[in-house]
Structure formats: C-alpha cells, structure tokens
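A quick write-up on the structure given underneath.
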Amino acid sequence: MTVDKGNKLARLSLDRPSSSKLATDPKLDSTSQKRIGDQLRAMYDELMQQPVPDRFRELLDQLDKGNGGKGGAQ
Amino acid sequence: MSPAPEAELREAILAAVPSLRAFAISLSGQVDRADDLVQDTLLRALSNLHRFEPGTNLNAWLFTILRNLFHSEYRKRRREIEDPDGSYAGRLRVHPEQGSHLDFEDFRSALAKLPSDQREALLLVGASGFSYEEAAHICGCAVGTIKSRVNRARLRLASLLNVDDIEDLGPDSMTRAAIQG
C-alpha cells in the first residue's frame, strides 16, 4: 500500500517540472546565450584588469600597522 | 604581533579587490560610487574578521557584504532623490578613454536597463564565477529565484542587443516578442 503511494508521488513530481517549464520559462537558445556570456565576461575581464586604486592597499596597510583599534581608519 | 592567519586573511581580502570592484562597477554603473562601496566593504569586513568562518568561501562573504551595502545605500538614496532608471543608463560610462570597444558600451547600457535583482544575479553567476547556490546565499533568496532571474536577464539582454537578429528575420521574432511580453 505504501508502495503505491510512493509511485503516485513519483509520477506527480515527474510531471510537475516539465509542465511548469513549458508554461513559464522561455529559454534562450544556446548560441545567443553563449554570445551574451562572452560579452559579459569580456566586459568584466576588462574591469578586473584595471589597476587596484592605491587607497585600498593603503587602507589595509594602515589597519595592519594600527592593529587593535576598531574603526581606526578614520 | 598580529596572528598570522589574520595577516593571511588580509592578503586574501586585498586579492579579492579587483573582482569586488568589477562587481561594484557593473552593479552601480559608477566608478566613484563603486570604489566607495568597495572601501566600505573592506572596512566592514576587517572589523568583522572574527565573524568569518575559516574554510568557507571568502569571496562569497565579501560579495554578500558589498551587495547588502549597495542595497541599503540604494534604498537610502531613493528616499532622498527620485532616481529613475533612465538616468542610470546614461551614467554607465566606465572609462571613455578606452572606449575602443563599442560593443561594451552597448552591452553596458543594456545591462543598466535590467532590474537590479536580475543584473546582480547575472553578474554573480555569469561573470563573478559563483554557482547558483552561492549566488542564492549571497542574495539571501532561493536557488530557483536566482535561476529565473538569470534566465530573465539573459532574455532581456538578448532582446536589447538584438543578439538573435541574425537567425530570425521572419515572423519568428514576432512570436518571440509576444512570448516575452
């Protein structure tokens, strides 16, 4: 008896994702998806390669030296 | 003497700055504001170092801090000045002197037109290298929510950038437009 219930549940959960996918989520084809991903990463890489502003290194150095106080950077 | 693990952690935090900046610039659309965000993130992280659990993902922790600061600041600003989405796109100019990549300009302005929840989900998953699970953790929402935001962000970008206009010149594009609403 419990086995029957289990089967029913399994069938239901198999049905649900496929029908909800059809109903709500249009998906981009893989070529377009790749083109967008490539552009996004190219833009991001360019940002990542910018030199780190000195203020951040200085901030961390400063805190390293004056270690022990809270909010010592102000 | 400061304990070695803390010094190591500081080095790791410094190493994360380029990716934090890239995220902050892409998220806010302004370099100055992004750098302020990164600075606030570093200060907050450093004063909460004891809360970081060793062995967990440091980048995810830092991105969570930055993301939360961005949103609380954004809410504060919105209360002060009304900041319609249209002006945002105009401000999204990162470094015009290197503007040889016209594609990036188009891409950036398209990115700026996305709702911020979709933009941040796409940036975390598609550019910062986080898994859907990590992105969900950073944004404090369900994995399914991240997945659908990323999907919607891609669809919107594709239509803004006409990514698929090579393939469909016919009635197909109208169908697609109808589906997207």
Side-chain angles (χ1 to χ4, degrees), chain A residues 5-74, chain B residues 1-3 6-7 10-11 13-15 17-26 31 34-35 38-39 42-43 46-47 49 94-95 98 101 103-108 110-111 122-123 125-129 147-148 151-159 161 163-164 166-168 176 179-181:
Chain A
K5 256 182 200 166
N7 278 344
K8 228 179 233 173
L9 279 175
R11 228 178 301 138
L12 272 178
S13 62
L14 270 179
D15 284 345
R16 217 175 286 141
S18 58
S19 58
S20 70
K21 219 178 251 171
L22 276 176
T24 52
D25 271 1
K27 270 255 158 68
L28 209 56
D29 61 283
S30 57
T31 317
S32 305
Q33 197 163 311
K34 189 181 176 301
R35 287 186 64 184
I36 285 176
D38 288 347
Q39 284 202 55
L40 178 63
R41 277 186 297 274
M43 180 205 78
Y44 217 68
D45 283 349
E46 202 189 52
L47 293 176
M48 296 266 295
Q49 275 155 26
Q50 287 186 12
V52 170
D54 290 340
R55 65 196 263 203
F56 299 129
R57 189 173 294 278
E58 283 161 11
L59 175 76
L60 287 164
D61 286 349
Q62 205 180 323
L63 286 168
D64 230 0
K65 279 173 206 150
N67 193 23
K70 31 183 171 172
Q74 250 77 349
Chain B
M1 239 206 221
S2 76
E6 277 213 2
R10 280 201 193 87
E11 271 311 302
I13 289 173
L14 189 60
V17 168
S19 55
L20 284 171
R21 276 191 89 225
F23 181 59
I25 292 170
S26 313
V31 176
D35 280 343
V38 173
Q39 171 142 351
L42 295 180
L43 285 172
L46 290 164
S47 61
L49 271 188
V94 177
H95 39 192
Q98 285 175 38
H101 305 286
D103 270 4
F104 289 165
E105 280 302 312
D106 287 349
F107 192 83
R108 281 189 192 113
L111 192 64
L122 183 70
L123 289 169
V125 172
S128 305
K147 284 185 180 166
S148 103
N151 188 43
R152 271 180 289 153
R154 282 178 179 145
L155 286 168
R156 181 98 176 95
L157 281 181
S159 79
L161 296 164
V163 163
D164 48 10
I166 303 154
E167 295 130 316
D168 50 49
R176 200 160 303 185
I179 290 169
Q180 285 171 25

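Note that the structure is a prediction, hence the values are computed from the model and not measured.
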Test of understanding: with side-chain hydrogen bond (donor to acceptor under 3.5 Å, both in side chains), list the residues that count as partners of B:R154, not counting sequence neighbours.
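Once residues adjacent in sequence are excluded, B:R154 has no partner under the side-chain hydrogen bond (donor to acceptor under 3.5 Å, both in side chains) criterion.
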Any residue meeting side-chain hydrogen bond (donor to acceptor under 3.5 Å, both in side chains) with A:D38, in chain and number order, not counting sequence neighbours
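If we apply the side-chain hydrogen bond (donor to acceptor under 3.5 Å, both in side chains) test to A:D38, skipping adjacent residues, the hits are A:K34, A:R41.
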Given a strict heavy-atom distance threshold of 4.5 Å, which part of B:L20 is in contact with chain A: side chain, backbone, both, or neither?
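Contact with chain A: none, neither part.
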Which bit of B:L46 comes within less than 4.5 Å of chain A, counting heavy atoms only: side chain, backbone, both or neither?
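Side chain only.
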Give the C-alpha distance, both sets of side-chain angles, the deciding distance and a yes or no for side-chain contact (heavy atoms from CB on, under 4.5 Å) between A:L47 and B:R21.
CA-CA 8 Å; A:L47 293 176; B:R21 276 191 89 225; over 6 Å; no
Over all heavy atoms of both residues, which pair between [X] and [Y] is shortest? Give the atoms and the distance, please.
| X | Y | value |
| --- | --- | --- |
| B:A127 | A:L40 | CB-CG, 3.9 Å |
| A:F56 | B:D35 | CZ-O, 3.5 Å |
| B:A158 | A:L28 | CB-CD1, 3.6 Å |

Separation of [Y] [atom2] from [X] [atom1] (nearest 0.5 Å):
| X | Y | atom1 | atom2 | answer |
| --- | --- | --- | --- | --- |
| A:R35 | B:L161 | CZ | CG | 9.0 Å |
| A:R55 | B:L42 | CZ | CG | 9.5 Å |
| A:M43 | B:D106 | CE | CG | 13.0 Å |
| A:S32 | B:L155 | OG | CG | 9.5 Å |

Would you indicate whether the side-chain heavy atoms of A:Q50 and B:P18 approach each other to under 4.5 Å?
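They are not in side-chain contact.
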Side chain to side chain, B:N151 and A:K27, heavy atoms closer than 4.5 Å:
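Yes. Closest side-chain heavy atoms under 4.5 Å.
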Side-chain H-bond candidate by donor/acceptor type, A:Y44 with B:S128, under 3.5 Å
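Yes, a side-chain donor-acceptor pair sits under 3.5 Å.
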